[in-house]
Enquirer: 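One structure follows; several queries about it will come next.
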Amino acid sequence: MTLSNGTSDGTIRWGILGTGFIAGLQAKDLKENGFTVQAVGSRSLESSGSFAGEYGVATAHGSYEDLVADPMVDVVYVATPHPFHHANALLALNAGKHVLVEKSFTMNAREAQEIVDLAESKGLVVLEAMWTRFLPHMIRIREIIAAGTIGEVRKVVATHNQSLPKDPAHRLNDPALGGGALLDLGIYPISFAFDILGTPGSIKASASMSATGVDRQTAAVFEYPNGAQAIVDCELDAASANRAMVIGTDGWIDIEHTWYNPVPFTVFAVDGTVVERYEQPVSSRGMQYQAAELERLIRVGSTAGTILPPGETVAIMAAMDEIRQQIGLRYAADSEEADSKEAGSEGGPQ
């Protein structure tokens, strides 16, 4: 069985689709916590072979098609840039594999819905790799809120600002590769707002654009029918402390720098006294917890968990679609014609 501490008994076998930076982080956390990383696939055998050697992966494939066709692979982790998640996830699902798809899940809600519908029709698990959702400190925060410790939640505030490469040709600055702050960085605070408050009733967004035509910084206010608000922001060319707060009528929760990592938090009463201080060391980076959840779903025969069900992933993408509409950020994948072309592609750069 998969244990609640993010470890595995190794009987479910993983394949890594893509050999970039995030793929290495996930492979390392899997290997360090008892998961079986059976194979890796890239568009070149040289790249997959190098990755396999570095992370101790048994089999290297020179194409994504060969990876998903591997009978020794049960789950495929899609780790390519997000413009290629749609095609790569459909490829794996059509090969009968469960999938863990890196965030942002897709380029838009329509692509996300197509993946979720296909997985459901085949009885396969599809999970967005929003690793923060599954970390121990986030589980404890949900427990505290559910217990009423901070009263009625009135506001969520979350920031994700980083100083990232300024090269116009870099993926993060390239519209053709889904560049911009929103999809890479904003997904974290937006997902957090959904986690605590659910789907907003309305969204108000604003952004500053870069010279390459992607959002350099974006901020949004989510408004809810009960009067609650979420204030989220992201930026890719200036760093900050990246803290988050959940504010209630009887107190608040302050999550430390960098809030989406496994970090401590403090619960304060409304008068500022400390109610709880939470610190729990996490082995590895913490990405093993999302993998453990996917394995748990496979074992219990379910295609949707409660922490991040597929329908919520689609709703999050729809919220980002609305933000992009308001700030004037469009991608090629937003056109039906572009999607039909992309569905036949092999995937993105490593």
Enquirer: When you compare the side chains of Asn33 and Ser283, does any donor N or O come within less than 3.5 Å of an acceptor on the partner?
Expert: yes

Enquirer: Do Thr249 and Glu152 get their side chains close enough for a donor-acceptor pair, meaning under 3.5 Å?
Expert: no

Enquirer: Output all residues satisfying salt bridge (Lys or Arg N to Asp or Glu O under 4.0 Å) with Asp195, sequence neighbours left out; order by chain, then residue number.
Expert: Arg133, Arg142

Enquirer: Using a 6.0 Å cut-off, check whether atom CD of Glu276 has over 12 heavy atoms from anything other than its own residue.
Expert: yes

Enquirer: For the pair Thr19 (side chain) and Phe51 (backbone), establish whether a donor and an acceptor sit closer than 3.5 Å, ignoring hydrogens and angles.
Expert: no

Enquirer: Is the shortest side-chain N to carboxylate O distance from Asp9 to Arg299 below 4.0 Å?
Expert: yes

Enquirer: Can you check whether Val75 reaches Lys97 side chain to side chain, under 4.5 Å on heavy atoms?
Expert: no

Enquirer: For a 4.5 angstrom cut-off between non-hydrogen side-chain atoms, does Ile323 reach Leu182?
Expert: yes

Enquirer: Is the closest basic N to carboxylate O distance between Asp215 and Arg324 below 4.0 Å?
Expert: no

Enquirer: Hey, could you give me each pair passing ring-ring contact (aromatic ring centres under 6.0 Å, His included) that has a residue in residues 195-247? Not counting sequence neighbours.
Expert: none

Enquirer: Given side chain to side chain contact (heavy atoms under 4.5 Å, CB included), test Leu172 with Asp184 step by step and report yes or no.
Expert: CA-CA 8 Å; Leu172 289 164; Asp184 261 277; 3.4 Å; yes

Enquirer: Only counting residues at least two apart or in another chain, list the ones meeting ring-ring contact (aromatic ring centres under 6.0 Å, His included) with Phe268.
Expert: Trp252

Enquirer: With a 3.5 Å cut-off and no angle check, do the side chains of Gln290 and Gln26 form a donor-acceptor pair?
Expert: yes

Enquirer: Any side-chain donor-acceptor pair under 3.5 Å between Asn108 and Asp334?
Expert: yes

Enquirer: Locate the shortest heavy-atom distance separating Ala39 from Val73; write the atom from each residue and the value.
Expert: CB-CG2, 3.8 Å

Enquirer: With side chain to side chain contact (heavy atoms under 4.5 Å, CB included) as the test, would you mind laying out the steps for Val221 and Ile203 before giving the verdict?
Expert: CA-CA 6 Å; Val221 177; Ile203 298 172; over 6 Å; no

Enquirer: Using side-chain heavy atoms (C-beta onward) and a distance below 4.5 Å, is Leu236 in contact with Gln217?
Expert: no

Enquirer: For Ala193 versus Val156, what's the shortest heavy-atom pair and its separation?
Expert: CA-CG1, 4.3 Å

Enquirer: Could I get the full list of side chain to side chain contact (heavy atoms under 4.5 Å, CB included) partners for Ser206, not counting sequence neighbours?
Expert: none

Enquirer: Quickly, which of Thr258, Asp233, Asn161 forms a side chain to side chain donor-acceptor pair (under 3.5 Å) with Ser240? Name it, please.
Expert: Asn161

Enquirer: Using the side chain to side chain contact (heavy atoms under 4.5 Å, CB included) definition, which of the options Asp250, Ile144, Ile150, Thr149 pairs with Val275?
Expert: Thr149

Enquirer: Do the side chain of Glu111 and the main chain of Met107 share a donor and acceptor less than 3.5 angstrom apart?
Expert: yes

Enquirer: Starting at CD of Glu65, measure out to CZ of Arg43 and round the result to the nearest 0.5 Å.
Expert: 11.5 Å

Enquirer: Could you give me the CA-CA distance, side-chain angles and deciding distance for Gln280 and His137, then say whether side-chain hydrogen bond (donor to acceptor under 3.5 Å, both in side chains) is met?
Expert: CA-CA 7 Å; Gln280 177 174 321; His137 76 297; over 6 Å; no

Enquirer: Hey, does Ile115 have a side-chain heavy atom less than 4.5 Å from the side chain of Leu90?
Expert: yes

Enquirer: What pairs with Leu25 under side chain to side chain contact (heavy atoms under 4.5 Å, CB included), at least two apart in sequence or on another chain?
Expert: Phe21, Ile22, Arg285, Met287

Enquirer: Ignoring hydrogens and angles, state whether a donor on the side chain of Glu102 or His85 is under 3.5 Å from an acceptor on the partner side chain.
Expert: no

Enquirer: Sequence neighbours left out, what pairs pass salt bridge (charged side-chain N to carboxylate O under 4.0 Å, His left out) with at least one residue falling in residues 66-83?
Expert: Arg13-Asp74

Enquirer: Hey, are Asp254 and Thr266 close enough side-chain-wise for a donor-acceptor pair under 3.5 Å?
Expert: no

Enquirer: Might you point out which heavy atoms bring Gly96 and Leu124 nearest each other, and give the distance in Å?
Expert: O-CD2, 3.6 Å

Enquirer: With rounding to the nearest 0.5 angstrom, report the CD to CD1 distance, Glu128 to Ile316.
Expert: 5.5 Å

Enquirer: Looking at residues at least two apart in the chain, or sitting in another chain, which of them share a ring-ring contact (aromatic ring centres under 6.0 Å, His included) with His98?
Expert: none

Enquirer: For Pro83 versus Gly178, what's the shortest heavy-atom pair and its separation?
Expert: CG-N, 3.6 Å

Enquirer: What verdict does the side chain to side chain contact (heavy atoms under 4.5 Å, CB included) test give for Gln38 and Trp14, after you've listed the backbone C-alpha separation in whole Å, the side-chain angles of each residue and the deciding distance to 0.1 Å?
Expert: CA-CA 5 Å; Gln38 178 65 35; Trp14 288 72; over 6 Å; no

Enquirer: Sequence neighbours excluded, which residues qualify as side chain to side chain donor-acceptor pair (under 3.5 Å) partners of Lys31?
Expert: none

Enquirer: Is atom CE of Met245 surrounded by more than 12 heavy atoms (other residues, nucleotides or ligands) closer than 6.0 Å?
Expert: no

Enquirer: Using a 4.5 Å cut-off on heavy atoms from C-beta on, say whether the side chain of Lys103 contacts that of Trp131.
Expert: yes

Enquirer: Let me see the working for Asp237 and Lys166 under salt bridge (charged side-chain N to carboxylate O under 4.0 Å, His left out), right down to the final yes or no.
Expert: CA-CA 7 Å; Asp237 62 355; Lys166 308 299 190 292; over 6 Å; no

Enquirer: Tell me every residue that passes ring-ring contact (aromatic ring centres under 6.0 Å, His included) with Tyr260, counting only those two or more places apart in sequence or in another chain.
Expert: His160, Tyr188

Enquirer: Does any non-hydrogen side-chain atom of Lys28 lie less than 4.5 Å from one of Tyr55?
Expert: yes

Enquirer: Does Ile298 form a side chain to side chain contact (heavy atoms under 4.5 Å, CB included) with Ile12? I'd like the steps, not just the answer.
Expert: CA-CA 9 Å; Ile298 293 172; Ile12 292 174; 4.1 Å; yes

Enquirer: For residues Glu295 and Phe35, determine if any side-chain heavy atom of one lies less than 4.5 Å from a side-chain heavy atom of the other.
Expert: yes

Enquirer: Distance from Leu164 atom CG to Arg216 atom CZ, nearest 0.5 Å?
Expert: 12.5 Å

Enquirer: Looking at every non-hydrogen atom in both residues, tell me the closest pair between Ile16 and Ala23 and how far apart they are.
Expert: CG2-CB, 3.8 Å

Enquirer: Does Asn88 form a side-chain hydrogen bond (donor to acceptor under 3.5 Å, both in side chains) with Thr80? I'd like the steps, not just the answer.
Expert: CA-CA 8 Å; Asn88 298 157; Thr80 48; 2.6 Å; yes

Enquirer: Can you tell if the side chain of Thr218 reaches within under 4.5 Å of the side chain of Val232, non-hydrogen atoms only?
Expert: no

Enquirer: Could you tell me which residues satisfy ring-ring contact (aromatic ring centres under 6.0 Å, His included) with Phe265, sequence neighbours excluded, listed by chain and number?
Expert: Tyr278

Enquirer: Can you list every side chain to side chain donor-acceptor pair (under 3.5 Å) pair that touches residues 118-127, not counting sequence neighbours?
Expert: Glu120-Thr303

Enquirer: The criterion is side chain to side chain contact (heavy atoms under 4.5 Å, CB included); which residues satisfy it with Ser104, sequence neighbours excluded?
Expert: His82, Leu183, Met317, Met320

